[in-house]
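Here the structure is laid out as structure tokens; the discussion comes afterwards.
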Amino acid sequence: MDRGDGSIKYILSGEGAGIVFTIDDTTGDIHAIQRLDREERAQYTLRAQALDRRTGRPMEPESEFIIKIQDINDNEPKFLDGPYIATVPEMSPVGFSHLSPSGTSVIQVTATDADDPTYGNSARVVYSILQGQPYFSVDSKTGI
Ligand SMILES: [Ca+2]
Ligand SMILES: [Ca+2]
């Protein structure tokens, strides 16, 4: 029904309307007016309606829609329980692998990443040791 002559007025309501999102009341275009952080809030449910600008009467029933915030990789993995302190007896057996777990397990470290685990590799954690070779190694998957 919108002939583009400005006779229709669009209004927005719902979560974050007027604060996070705004609508151009002539075109119906919706814009974000704040920076969005998926880790703070992953989606918003909004409602929009087209009104006759002259009478204020609705032109159609209100429609609901959901805006999902697409993730970017903006969080690095963190060791929430660190710093870790562990002890290992001297002369302990060396070596470790899944096939021959005969070596000495010293500690398991666990890192978490706040990004979306269901999208891409942004939340994927791989463990490696920066210092301490050749005496220590870490399993890249388990952190043992
Ligand atoms: Ca990440
Ligand atoms: Ca993110």
Side-chain angles (χ1 to χ4, degrees), residues 1-88 92 94-144:
M1 281 189 278
D2 191 344
R3 297 187 302 274
D5 58 3
S7 62
I8 291 178
K9 180 185 181 182
Y10 293 94
I11 57 168
L12 189 67
S13 59
E15 297 171 339
I19 301 161
V20 183
F21 298 101
T22 186
I23 194 166
D24 182 317
D25 74 355
T26 306
T27 64
D29 290 342
I30 293 171
H31 298 270
I33 48 175
Q34 273 188 25
R35 285 175 70 95
L36 302 165
D37 183 358
R38 190 208 67 90
E39 282 71 61
E40 229 168 71
R41 180 147 196 178
Q43 68 175 46
Y44 294 82
T45 303
L46 291 151
R47 295 182 302 281
Q49 195 166 32
L51 309 175
D52 183 310
R53 191 180 294 277
R54 207 166 40 82
T55 65
R57 284 218 190 87
M59 309 286 288
E60 58 180 35
E62 200 175 58
S63 60
E64 184 182 87
F65 55 95
I66 293 169
I67 295 178
K68 291 185 176 170
I69 313 304
Q70 190 180 324
D71 191 34
I72 62 162
N73 191 3
D74 60 340
N75 288 276
E76 56 188 31
K78 289 199 172 97
F79 289 105
L80 296 180
D81 300 328
Y84 293 91
I85 297 169
T87 57
V88 59
S92 295
V94 299
F96 175 81
S97 77
H98 288 293
L99 296 175
S100 63
S102 56
T104 305
S105 171
V106 178
I107 194 171
Q108 180 170 22
V109 295
T110 304
T112 56
D113 188 299
D115 291 311
D116 185 356
T118 66
Y119 177 79
N121 286 326
S122 301
R124 196 167 154 251
V125 173
V126 178
Y127 298 95
S128 64
I129 274 191
L130 299 179
Q131 276 178 30
Q133 304 99 328
Y135 303 104
F136 298 98
S137 65
V138 65
D139 184 281
S140 63
K141 285 196 185 76
T142 63
I144 294 175

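Annotation: Arg124, atom CZ; neighbour count of heavy atoms from other residues, nucleotides and ligands within 6.0 Å does not exceed 12. Within a 6.0 Å sphere centred on CD of Gln43, heavy atoms belonging to other residues, nucleotides or ligands number more than 12.
Ala50 and Tyr10 make their closest contact through CB-CE2, 3.9 Å (heavy atoms, listed as atom of the first residue, atom of the second, distance). Contact between Asp116 and Asp71 at its shortest, heavy atoms only, is N-OD2, 2.8 Å. Nearest heavy-atom pair across Glu60 and Gln49 is O-NE2, 3.3 Å. What you find for Gly18 and Ile33 is that their closest heavy atoms are O-CD1, 3.7 Å. Scanning both residues, Leu51 and Gly56, for their nearest heavy atoms gives CD2-O, 3.9 Å. In this structure, Asp139 and Lys141 approach most closely via the heavy-atom pair OD1-N, 2.9 Å.
Atom CG of Asp52 and atom CD1 of Ile8 lie 7.5 Å apart (nearest 0.5 Å). Atom OG of Ser63 sits about 10.5 Å away from atom CG of Leu46, to the nearest 0.5 Å. To the nearest 0.5 angstrom, Lys78 atom NZ is 6.0 Å from Glu76 atom CD. Rounded to the nearest 0.5 angstrom, Leu12 CG and Glu62 CD are separated by 9.5 Å. Here the straight-line distance linking atom CD1 of Ile69 with atom CD of Glu39 works out to 10.5 Å at 0.5 Å rounding.
Side-chain atoms of Tyr127 do not come within 3.5 Å of backbone N or O of Ile144 as any donor-acceptor pair.
Using cut-offs of 30° and 60° on the angle between ring planes, the pair Tyr44 and Phe21 is perpendicular.
Counted by atom type alone, Asn75 and Asp113 present zero donor-acceptor pairs between their side chains at under 3.5 Å.
Counting heavy atoms from C-beta on, the side chains of Ser7 and Arg3 come closer than 4.5 Å. Looking at Asn73 and Tyr119, their side chains never come closer than 4.5 Å, going by heavy atoms from C-beta outward. Looking at heavy atoms from C-beta onward, Asp74 lies in side-chain contact with Asp115 at the 4.5 angstrom threshold. Inter-residue side-chain proximity for Gln108 and Thr142 is flagged as met; some heavy-atom pair is nearer than 4.5 Å. Taking 4.5 Å as the limit, every side-chain heavy atom of Tyr135 sits out of range of all side-chain heavy atoms of Val88.
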Discussion item. As a quick check of understanding, evaluate salt bridge (Lys or Arg N to Asp or Glu O under 4.0 Å) for Asp25 and Arg53, giving each step before the final call.
Written reply: CA-CA 10 Å; Asp25 74 355; Arg53 191 180 294 277; 3.5 Å; yes
